[in-house]
Amino acid sequence: MTVTEQEITDYVARVRAALADLPPTQRDELTEDLADHLTEVAAEAEGTLVERLGEPETYAAELRAAAGAATGGGRNLDQRVAAAVVRVRSRLRAVDTRLGPPLGYETASDFLRLLRPGWWVLRGYLAAMLVTVISTGGSFGLLPRFGGELLAGLIMLVGFVLASIWIGRQSARLTRWPRSAVQVGGAVLVVFALAGLVDAEGRRDNDYYYDQTSVDSQYGQIRDVFVYDSEGRLVENARLFDQNGNPIRLGYPDCGGRIDEYGNPLLRPYPYCPEQAPFGPRAPGAPLAPTPPTTTPDPSSTPDPSSTPGPTGTPTPTGTPTGQPTAGGTVTPSDAPTPTPTR
């Protein structure tokens, strides 16, 4: 059975964990050449390191005794933490080995290594979206924005993706602390992505269900809301939203309909009861439709003098007498025939 490099690394880690109570300088001196020694032991014969050298804790005790280091009365905090880290790594390694064959690889990490370029691109996108949330106060879409500007957001996205790819290619050469910083940053971005998915799911639910928004006490007695347009017509199937896109729900219908266990209306727009509109379908003061003219005489109008009836009911002509000169010097001819003299 061939000893893998990972087994050697785990063995060294367990030995160092068992020596965690020693000063760091002394511990480094005892384990400085341990990895090379284990590689030589693994090449000499078959079998695991535990079979040939014993448990790492036993090997650490032998190193301690050979160096004349004092044995601690009990394991201190650093030693317990180091041992716990080693145990966690061992369990993760076992899980990694079990999940590999179903994916078609020896270990699951071999499969995940193929996805690293995709993760680098996704990491740059998530970093750009995180800056978008910070710079815009939470108002954003699928594309990043910097200060609300889409073009600046796209330039930022390209820069972050290229930087993420460069960091990914150089990660194997990074020292301990920069590598830890990259890992912590990646974990933060993963948590941010999960929170974004939860928020997106909540927004999708709000497209179908309306939650009541808290309002001032002056609206506590509102039972219904009636919306009228600029022409004074009642607008039915209206919905109200605040400046953040959150639905506003006021009142409680008293004309029936579906309500939830708290008495809030379900999937009902305004008004709840259109038949109870206070001004009817048209608001007061709105322009009315033109009406056809009527033939009823206006009693306040002045009658035509020419049609004023006389004492006997016959209309009495008024104006200039027939055949008399007018003020302009002209004579108005009479419509009556001229009599012919007789002899």
Side-chain angles (χ1 to χ4, degrees), residues 3-39 42 49 56 60 76-100 103 105-134 144 156-197:
V3 177
T4 63
E5 182 178 355
Q6 185 61 42
E7 290 178 325
I8 296 175
T9 302
D10 293 342
Y11 197 95
V12 172
R14 292 179 62 180
V15 171
R16 291 180 60 85
L19 300 175
D21 59 317
L22 298 179
T25 304
Q26 187 176 10
R27 183 176 64 245
D28 293 340
E29 291 178 357
L30 293 177
T31 59
E32 181 179 5
D33 299 325
L34 180 58
D36 295 336
H37 173 65
L38 295 178
T39 302
L49 294 176
N76 57 20
L77 180 60
D78 293 339
Q79 194 172 4
R80 290 195 297 269
V81 171
V85 170
V86 170
R87 286 195 298 270
V88 171
R89 288 180 177 177
S90 299
R91 292 179 181 179
L92 290 178
R93 173 59 58 181
V95 173
D96 187 22
T97 304
R98 290 182 181 180
L99 294 180
L103 297 175
Y105 295 86
E106 184 177 354
T107 61
S109 57
D110 294 337
F111 171 74
L112 294 178
R113 289 190 185 95
L114 301 177
L115 304 180
R116 284 186 299 179
W119 160 243
W120 297 341
V121 175
L122 179 61
R123 180 173 57 186
Y125 170 79
L126 293 177
M129 294 303 297
L130 181 59
V131 174
T132 298
V133 173
I134 297 174
M156 176 181 64
L157 173 62
V158 173
F160 279 16
V161 169
L162 293 178
S164 177
I165 294 175
W166 182 85
I167 293 175
R169 293 174 61 88
Q170 301 296 325
S171 59
R173 305 175 185 175
L174 296 177
T175 58
R176 178 181 178 184
W177 291 112
R179 183 182 304 174
S180 299
V182 171
Q183 294 174 351
V184 171
V188 170
L189 293 177
V190 170
V191 173
F192 168 72
L194 295 177
L197 292 176

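FYI, side chains are in, hydrogens and waters are out, and symmetry mates aren't considered; it's all heavy atoms of this structure. As the structure is a prediction and not an experimental result, all values here were calculated from the model.
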*Asks:* For A60 and V15, work out which heavy atoms get closest and say how close.
*Replies:*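 A60 and V15 have their closest heavy atoms at CB-O, 3.8 Å.
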
*Asks:* Let me have the donor-acceptor pairs involving side chains of residues 178-188, under 3.5 Å, with sequence neighbours excluded, atom names and distances please.
*Replies:*
residue, atom, partner, partner atom, Å
R179, NH2, A172, O, 3.4
R179, NH2, L174, O, 3.0
S180, OG, R176, O, 2.9

*Asks:* Could you check if a side-chain atom of T132 sits within less than 4.5 angstrom of a side-chain atom of M156, using non-hydrogen atoms only?
*Replies:*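 Counting from C-beta outward, T132 and M156 do come under 4.5 Å.
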
*Asks:* Can any side-chain N or O of D96 pair as donor or acceptor with the backbone N or O of S109 at less than 3.5 Å?
*Replies:*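 Yes, the answer is positive, given that a donor and an acceptor are paired below the 3.5 Å cut-off.
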
*Asks:* Tell me whether Q6 at atom CD has more than 12 heavy atoms from other residues, nucleotides or ligands lying less than 6.0 Å away.
*Replies:*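 Yes, the 6.0 Å shell around CD holds more than 12 heavy atoms from other groups.
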
*Asks:* Shortest non-hydrogen contact from F160 to A128?
*Replies:*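 Shortest heavy-atom contact: CD2-N, 3.4 Å.
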
*Asks:* Could you state the interatomic distance from OG1 (T25) to CZ (R27), rounded to the nearest 0.5 Å?
*Replies:*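 Here the interatomic distance stands at 9.0 Å.
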
*Asks:* Enumerate, atom names and distances included, each donor-acceptor pair closer than 3.5 Å involving a side-chain atom of residues 113-124, sequence neighbours excluded.
*Replies:*
residue, atom, partner, partner atom, Å
R113, NH1, D110, OD1, 2.4
R116, NE, R113, O, 3.3
R123, NE, S164, OG, 2.7
R123, NH2, S164, O, 2.9
R123, NH2, S164, OG, 3.2

*Asks:* Could you check whether D28 pairs with R16 (Lys NZ or Arg NE/NH1/NH2 to Asp/Glu carboxylate O, under 4.0 Å)?
*Replies:*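 A salt bridge is present here (some side-chain N lies under 4.0 Å from a carboxylate O).
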
*Asks:* Look up atom CD1 in I167 and atom CG in L162, then write down how far apart they are to the nearest 0.5 Å.
*Replies:*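 Here the rounded value is 11.5 Å.
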
*Asks:* Which distance, rounded to the nearest 0.5 Å, do you find between the OG1 of T31 and the NE2 of H37?
*Replies:*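 T31 atom OG1 to H37 atom NE2 measures 13.0 Å (nearest 0.5 Å).
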
*Asks:* Rounded to the nearest 0.5 Å, how far apart are CG of L194 and CG of L189?
*Replies:*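 If I round to the nearest 0.5 Å, the distance is 11.0 Å.
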
